[in-house]
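Shown next, in structure tokens, is the structure this report addresses.
Computed over heavy atoms, backbone and side chain alike; hydrogens, waters and symmetry mates excluded.
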Amino acid sequence: YVSSILQSIQYAIDNGAKIISASYAGPGYSQPELDAISRAADAGVLFVAAAGNDRSNLDCCPVYPAAYNLPNLITVASVDMNGELSSFSNFSMSRVHVAAPGANILTTSLSIRQLYSATFDSGADGWSLDNWVRSSSHYYSPGHSISTSVESGKYLDNMSATAVSPIIDLSEADGCRLQFEYYGSSEIGHDILTVEVSLGSTWSPRPIAVNNVSFSSLSGTTSNTWKLAYVDFGEFDGRGSVQFRFKFTSDGVNTDEGFFIDDIRIMARDPNAAEYKTCSGTSFSTPHVAGLAGLIWSMNPAYTVEQVKNV
């Protein structure tokens, strides 16, 4: 989430960090993020960013924070064991400052396993559907989803619709996360989709993350595309009986197509996976440079950010 990035940068500034290693990249320019990194510059903090892994020229296809033009920013590409630019690495004559090893790096492993799935292709998959229906009008994976579009291709006025999962056993789970694909449209801000969880008799709403932005509910349109949403279920790790539901409510004015949901999954860490594996990416190049900058600063504590960057 952008909000988490901003909080992390401010935390580093407040606690006297000299170097921030940022192994992430995305296509969205963010003025708040730019301002936060600028504040880090004012505080004498070096910001080391991954160039990204799209095989793209950042001069014409920028990703961020790598492509910001800031005096405290070092953008890092990846090279292979022969010192050649990695095939996956972004590059630029003006925005990439240095390259470091990023191919086939041995690293600790966090493997994910699937604990539960529902696709609705052969039935309701044990779900209780109230004013939701199985639909073949739109689906993420062939050939059904569940939908609030119950009458002539639209949802109803003053609708309260719930799709309730079977009871899920998370007693052996760690780091759980719900994910699902959704599609459709509703009256923005008025006709809303929420995700709620129950451990017994009461239901509590959960934040929904889409494109790294957190929402209390979903409304509006997906612009005729399927979108992937996540809900953090880590709070329910170790619980033997967990249910969740999709709840859609509408007011008495205006209706629309409604929402379609497909490919519901609960994912968790795999405790039996190998502890180490080889990975590639500029995310692995970036810490090399951050560490080297730290060594340079330790040998030359009076150096400014600019002097460390220009070594």
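To the nearest 0.5 Å, atom CD1 of residue I9 and atom OG of residue S38 are 9.5 Å apart. Taken from OG1 in T119 to CG in D262, the straight-line distance is 6.5 Å, to the nearest 0.5 Å. To the nearest 0.5 angstrom, S135 atom OG is 12.0 Å from I261 atom CD1. For the atom pair R177 CZ and Y230 OH, the distance stands at 4.5 Å (nearest 0.5 Å). The distance from atom CZ of R239 to atom CG of D169, rounded to the nearest 0.5 Å, is 12.5 Å. In this structure, CG in L228 is found 9.5 Å from CZ in R265, a value given to the nearest 0.5 Å.
Under the 4.5 Å side-chain criterion, counting only non-hydrogen atoms from C-beta, E187 is not in contact with S250. Considering only heavy atoms from C-beta on, L156 stays 4.5 Å or farther from T255 through its side chain. In this structure the side chain of P287 reaches within 4.5 angstrom of the side chain of S23, judged on heavy atoms. Looking at heavy atoms from C-beta onward, V150 lies in side-chain contact with M159 at the 4.5 angstrom threshold. Side-chain atoms of D59 and R95, non-hydrogen and from C-beta on, do get closer than 4.5 Å to each other. Considering only heavy atoms from C-beta on, L58 comes within 4.5 Å of V96 through its side chain. You'll find the side chain of V242 reaches within 4.5 Å of the side chain of L199, heavy atoms only. Taking the side chain as every heavy atom from C-beta outward, Y24 and I5 approach each other to under 4.5 Å.
Residues passing the ring-ring contact (aromatic ring centres under 6.0 Å, His included) test with H138, sequence neighbours excluded: Y183, F260. Remark: F244 pairs with W127, F233 by the ring-ring contact (aromatic ring centres under 6.0 Å, His included) rule, at least two apart or across chains. Partners of T282 by side chain to side chain donor-acceptor pair (under 3.5 Å), not counting sequence neighbours, listed by chain and number: N53. Partners of F88 under the ring-ring contact (aromatic ring centres under 6.0 Å, His included) rule, at least two apart in sequence or in another chain, do not exist in this structure. Under the ring-ring contact (aromatic ring centres under 6.0 Å, His included) criterion, Y64 pairs with Y29, Y68, not counting sequence neighbours.
At most 12 non-hydrogen atoms from other residues, nucleotides or ligands lie less than 6.0 angstrom from OH of Y303. Within a 6.0 Å radius of CD in Q114, more than 12 heavy atoms belonging to other residues, nucleotides or ligands are found. More than 12 heavy atoms of other residues, nucleotides or ligands shown are found within 6.0 angstrom of CG on D42. Other residues, nucleotides and ligands contribute over 12 non-hydrogen atoms within 6.0 Å of the CD atom of Q10. The number of heavy-atom neighbours closer than 6.0 Å to CZ of R134, taken from other residues, nucleotides and ligands shown, is above 12. A 6.0 Å sphere centred on OH of Y11 holds no more than 12 heavy atoms belonging to other residues, nucleotides or ligands. A 6.0 Å sphere centred on CZ of R55 holds no more than 12 heavy atoms belonging to other residues, nucleotides or ligands. Shown here is E306, whose CD atom has no more than 12 heavy atoms of other residues, nucleotides or ligands within 6.0 Å.
Side-chain N/O atoms of T278 and N104 include no donor and acceptor closer than 3.5 Å. A side-chain N or O of S78 and one of S86 form a donor-acceptor pair less than 3.5 Å apart.
Taking every heavy atom of both residues into account, A293 and V308 meet most closely at CB-CG1, 4.0 Å. Between I146 and A163, the shortest heavy-atom distance links the atoms CD1-CB, 3.9 Å. Summarising the geometry of G52 relative to A25, their closest heavy-atom pair is CA-CB, 4.2 Å, with the distance given to 0.1 Å. Closest heavy-atom contact between S217 and I208: CA-CD1, 4.4 Å.
No path of Ile, Leu, Val, Met, Phe, Trp and Tyr side chains, each step under 4.5 Å between heavy atoms, connects F47 with I19, placing them in separate hydrophobic clusters. Cluster membership for L178 and F215, using ILVMFWY side-chain heavy atoms within less than 4.5 angstrom, is shared. Cluster annotation: V79 and V289 are assigned to distinct hydrophobic clusters (Ile/Leu/Val/Met/Phe/Trp/Tyr, side-chain heavy-atom contacts under 4.5 Å, transitive).
Counting only distance, with no hydrogens or angles, the side chain of D174 and the backbone of D237 share no donor-acceptor pair below 3.5 Å. Remark: the backbone N or O of A100 is paired with a side-chain donor or acceptor of S285 at under 3.5 angstrom. Between the side chain of S149 and the backbone N or O of S147, no donor-acceptor pair lies under 3.5 Å. A donor-acceptor pair is defined here as one N or O able to donate and one able to accept, closer than 3.5 Å; such a pair exists between the side chain of N72 and the backbone of I37. Panel note: side chain T75, backbone A66; a donor-acceptor pair is recorded below 3.5 Å. Between the side chain of D125 and the backbone N or O of A118, no donor-acceptor pair lies under 3.5 Å.
Hydrophobic cluster membership of I105, counting Ile, Leu, Val, Met, Phe, Trp and Tyr whose side-chain heavy atoms lie under 4.5 Å apart directly or via other members: F284.
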Could you please spell out the steps behind the side-chain contact (heavy atoms from CB on, under 4.5 Å) verdict for Y139 and H144?
-> CA-CA 5 Å; Y139 44 79; H144 290 80; 5.6 Å; no
Starting from the C-alpha separation in whole Å, work towards a yes-or-no answer on side-chain contact (heavy atoms from CB on, under 4.5 Å) for S186 and F259.
-> CA-CA 7 Å; S186 73; F259 287 113; 3.5 Å; yes
Output, in order, the C-alpha distance, side-chain angles, deciding distance and verdict of side-chain contact (heavy atoms from CB on, under 4.5 Å) for Y182 and I264.
-> CA-CA 10 Å; Y182 76 103; I264 301 167; over 6 Å; no
T148 and L193: CA distance, side-chain angles, deciding distance, side-chain contact (heavy atoms from CB on, under 4.5 Å) verdict | CA-CA 10 Å; T148 58; L193 176 69; 5.7 Å; no
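Each of L34, V45, I13 was checked for a side-chain contact (heavy atoms from CB on, under 4.5 Å) with R39, and the lone residue meeting it is I13. With Y155 as the fixed residue, the side-chain hydrogen bond (donor to acceptor under 3.5 Å, both in side chains) test singles out one of N131, D256, D191: D191.
No cation-pi contact links K247 to W203, judged by a cut-off of 6.0 Å to the six-membered ring centre and 45° from its axis.
For F246 and F180, the gap between ring centers is short of 6.0 Å.
Under the 4.0 Å criterion applied to side-chain N and carboxylate O atoms, D232 and R206 are not assigned as salt-bridge partners.
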